[in-house]
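Reminder, nothing fancy here: chain letters follow the sequence lines and each chain counts from 1.
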Amino acid sequence: MMTSNSPTKSKLVWKGKGKATEPPQDYDDLNPVITYRHLLSNNLGVRDPLRVIALCDSDAFYAACEMNRLGVDPETPLVVLQWDSLIAVNYPARKYGISRMDKKKEALKRCPHLKVVHVATYKEGEPEPGYWDDVDTNTHKVSLDYYRRESLKIAAMFKEQLPGCELEKASIDEAFIDFTKPVREIMLQRYPHLAQVPPEGADTPLPPPPPIMWEGLGNLIPVNPSPTVDQKPGDGQPVAHESAESAQNGIEPEQKQVEVTENKEHQSTDPRGKDVEEPPHTWHDVALSIAAELMGKAREEVRVKLGYSTSAGIARNKFLAKLTASYKKLNNQSILRNSAIPKYLRPMQFQKIRFLGGKLGDALAKEYDVSTVGDLLTISLDEMQDKFGESSLWIYEVLRGIDRTEVKDKGSTLNKSMLASKNLPKPITKASEGQHWIRVLAAELALRLNDARKISPNLWPKTLVLHARKGYEAGRSKQSPFPFHREVTVDVIAAAGDKLWKELVGNSSNLKVSSVQLAFTGIDVAEGGQRSIEGFLKPISSTKKRPRDSAAITDVQDEEELPQPARLSASDVDNLNDESPHVPSASYTCVRCGKAFQVTGANQSSSIDEQMSRLKMEHDDFHFAQDLADESTPRSVITVTEKKTEKKPSSSNKKRKTAAGPSGIEKFFRK
DNA sequence: TCGCCCCGT
DNA sequence: GGACGGGGCGA
């Protein structure tokens with residue numbers, strides 16, 4: 001495999017004082033020579049030495065949602081309750097030492113005037129979730145829908161504010177953003193001389209970069225942190241790392257962009273008075289600074305227009321961006337230069353790294369009896385591979401600041417699954433109770449699906465899954481294909497759910513069921529009709545055909561090669577638009593206003609796609625602007641490339657299991 | 001596909 | 001811990 005992304009072997013990393021603290025081979029990926037070819041090519045993907053990724057997350061998101069909804073003063077200490085537990089604590093409340101693990105009582109004790117908001121719930125009899133005074137876990141079920149909508153709004157605004165960026169929603173309150181493309185454009189704009197390849201050729205290194213004004217762009221993670229502890233496994237965080245739960249202190253006044261840690265080009269002084277050599281900055285630093293500029297503007301826009309404060313981290317790849325984002329929270333962003341990576345990473349608890357927070361990280365810690373990234377640097381790839389198999393390369397590289405996983409636009413902000421779940425405070429025993437909860441969950445799914453269909457009609461959840469946990473056993477699940485229905489009603493879902501229930505728990509009246517989950521999975525736009533969201537880009541003739549599962553679809557026959565809308569019943573197709581499959585053109589009709597677009601290019605289809613994509617985005621922006629005031633409008637996105645993806649750590653790996661032993665695994669019991 | 005498992009917020 | 005969401009793997 002190739003691990004080097006620099007065409008020429010990069011020079012050795014700078015070294016502080018010539019101390020041989022760093023095995024040179026460990027972080028020598030971090031300062032690649034950047035050439036004109038690098039700058040001018042557009043398809044370097046994850047190997048792009050100018051890659052810039054951000055992770056942006058909302059601060060105390062659920063709490064912020066409720067504050068906006070209720071229009072309370074930003075300084076109001078507020079917590080969001082789910083039954084008796086706090087699921088979100090805003091920053092003013094954290095000043096009182098309230099943490100997420102507190103109960104309502106404790107929280108109120110710490111802060112008597114605390115605003116306590118219970119999440120919306122579905123109440124028996126009520127068709128829609130709401131905020132009630134008398135929440136009761138025995139009869140209600142939580143609805144997180146409001147937060148989902150708000151989340152979509154934020155994502156939509158980022159997309160609008162950051163044209164050319166890829167955005168991957170990573171959770172309800174987080175998104176990765178790939179700034180590489182727009183940043184490159186801006187670089188060429190600002191430094192036009194870079195566009196001229198010198199006579200020596202495209203592989204000539206770029207000239208020295210201009211000075212960078214970091215002021216106002218965010219917190220620079222120091223290249224030479226000034227820790228009191230140099231290297232102590234266990235507590236060696238390079239800097240105060242605010243954990244989400246850490247209750248105390250540390251509240252930044254809004255808007256205070258914290259000091260930039262260093263600005264001097266080549267020299268700084270650490271607290272102990274030693275001069276520490278600093279690396280010169282690079283074109284990648286320039287790229288980071290531009291991304292920080294863009295990120296900062298977009299975040300500010302979200303804060304002002306939507307009322308959500310966010311924190312972002314900007315770095316060369318996803319996992320570092322994620323780490324960097326938590327460097328300083330609450331309306332802040334931080335920047336991790338490549339040159340700061342080694343010292344930042346080495347003392348880091350590796351279990352803080354994304355995907356190493358679970359069993360894999362545990363297994364690593366146990367296997368080598370260590371806790372920091374630095375501790376693991378001595379393990380050779382070969383050695384790791386024996387015990388951790390395929391995950392090893394990913395781990396090995398991550399420890400060295402390398403992560404080639406892509407930021408992928410998930411095609412749209414539409415989810416691929418929809419889950420409604422309920423933990424029963426007192427396990428149920430009667431079949432009728434099961435039916436009752438299935439109906440409640442089905443009602444929610446119906447509501448949410450039909451809601452999503454307002455934005456993308458023809459959404460089709462291909463399977464329905466019922467999950468139940470009996471007594472102390474592990475949960476079990478049953479699933480079945482879910483036929484396409486133009487109208488998805490509670491009854492249809494509940495009926496299917498009941499069938500699954502019978503298969504899963506049977507009629508035995510005495511088994512205690514303590515949790516029930518009903519989920520749609522495989523949600524996608526049913527082919528053949530109007531392609532309203534991501535479907536519109538695919539040339540209709542190249543749509544993949546589904547395997548023989550068409551039994552699921554009522555009264556449809558399967559025409560083999562015809563790129564026809566054959567998947568839906570006649571009544572389903574009723575109000576769908578026609579498409580002309582055979583011309584090299586793309587057409588699209590906006591489901592919301594009916595406006596039709598057509599691109600008939602003499603160009604290649606890819607360029608048609610691009611044109612269409614542009615049109616679509618512009619049009620979306622139009623709707624977005626209109627909608628912003630009240631309703632959420634998830635916007636469609638174009639998936640451009642399809643590259644082979646890097647191997648991410650996979651959890652099931654025989655060798656790893658062997659290594660981990662029975663010890664770590666028995667958490668989710670059942671042998 | 002199905003059922004299970006693991007990752008995350 | 002609860003209510004989600006994403007993904008991978010063996011059969």
Once you round it to whole Å, what is the distance between [atom2] of [N] and [atom1] of [X]?
{"X": "A:L504", "N": "B:dC2", "atom1": "CG", "atom2": "C1'", "value": "13 Å"}
{"X": "A:E390", "N": "C:dC9", "atom1": "CD", "atom2": "P", "value": "8 Å"}
{"X": "A:L500", "N": "B:dC2", "atom1": "CG", "atom2": "C1'", "value": "12 Å"}
{"X": "A:D173", "N": "C:dC4", "atom1": "CG", "atom2": "P", "value": "16 Å"}
{"X": "A:D59", "N": "B:dT9", "atom1": "CG", "atom2": "C1'", "value": "14 Å"}
{"X": "A:I172", "N": "C:dC4", "atom1": "CD1", "atom2": "P", "value": "10 Å"}
{"X": "A:L86", "N": "C:dA3", "atom1": "CG", "atom2": "P", "value": "15 Å"}
{"X": "A:Q517", "N": "C:dG2", "atom1": "CD", "atom2": "P", "value": "11 Å"}

Donor-acceptor pair, [X] side chain versus [Y] backbone, under 3.5 Å?
{"X": "A:W83", "Y": "A:V142", "value": "no"}
{"X": "A:S309", "Y": "A:R303", "value": "no"}
{"X": "A:N415", "Y": "A:M418", "value": "no"}

Can you find a side chain N or O atom of [X] that sits less than 4.0 Å from OP1 or OP2 on [N]?
{"X": "A:R148", "N": "C:dG5", "value": "yes"}
{"X": "A:K478", "N": "B:dG3", "value": "yes"}
{"X": "A:R448", "N": "C:dG5", "value": "yes"}
{"X": "A:S85", "N": "C:dG1", "value": "no"}
{"X": "A:K141", "N": "C:dA3", "value": "no"}
{"X": "A:K322", "N": "B:dT9", "value": "yes"}

Open item on the list: Can you see whether A:Y131 has A:R69 sitting over its ring - NZ or CZ less than 6.0 Å from the centre and within 45° of the normal?
Closed with: yes
Tell me which nucleotide among [options] gets nearest to the side chain of [X].
{"X": "A:W83", "options": "C:dG2, B:dC7, B:dC2", "result": "C:dG2"}
{"X": "A:K359", "options": "B:dC4, B:dC2, B:dC7", "result": "B:dC7"}
{"X": "A:I87", "options": "C:dG2, B:dC2, C:dG5", "result": "C:dG2"}
{"X": "A:Q82", "options": "B:dT9, C:dG5, C:dG2", "result": "C:dG2"}

TODO: Indicate, with a heavy-atom threshold strictly under 4.0 Å, whether A:K103 touches base, sugar-phosphate, or nothing.
DONE: nothing
For a 4.5 angstrom cut-off between non-hydrogen side-chain atoms, does [X] reach [Y]?
{"X": "A:L78", "Y": "A:Y62", "result": "no"}
{"X": "A:Y344", "Y": "A:L336", "result": "yes"}
{"X": "A:E433", "Y": "A:L424", "result": "no"}

- [ ] Inspect the contact between A:E106 and A:K109 and indicate whether a charged nitrogen and a carboxylate oxygen are less than 4.0 angstrom apart.
- [x] no
Open item on the list: Just to be sure I understand the geometry, which residues of residues 417-426 of chain A put a non-hydrogen atom under 4.0 Å away from DNA chain C?
Closed with: A:S417, A:M418, A:L419, A:A420, A:S421, A:K422, A:N423
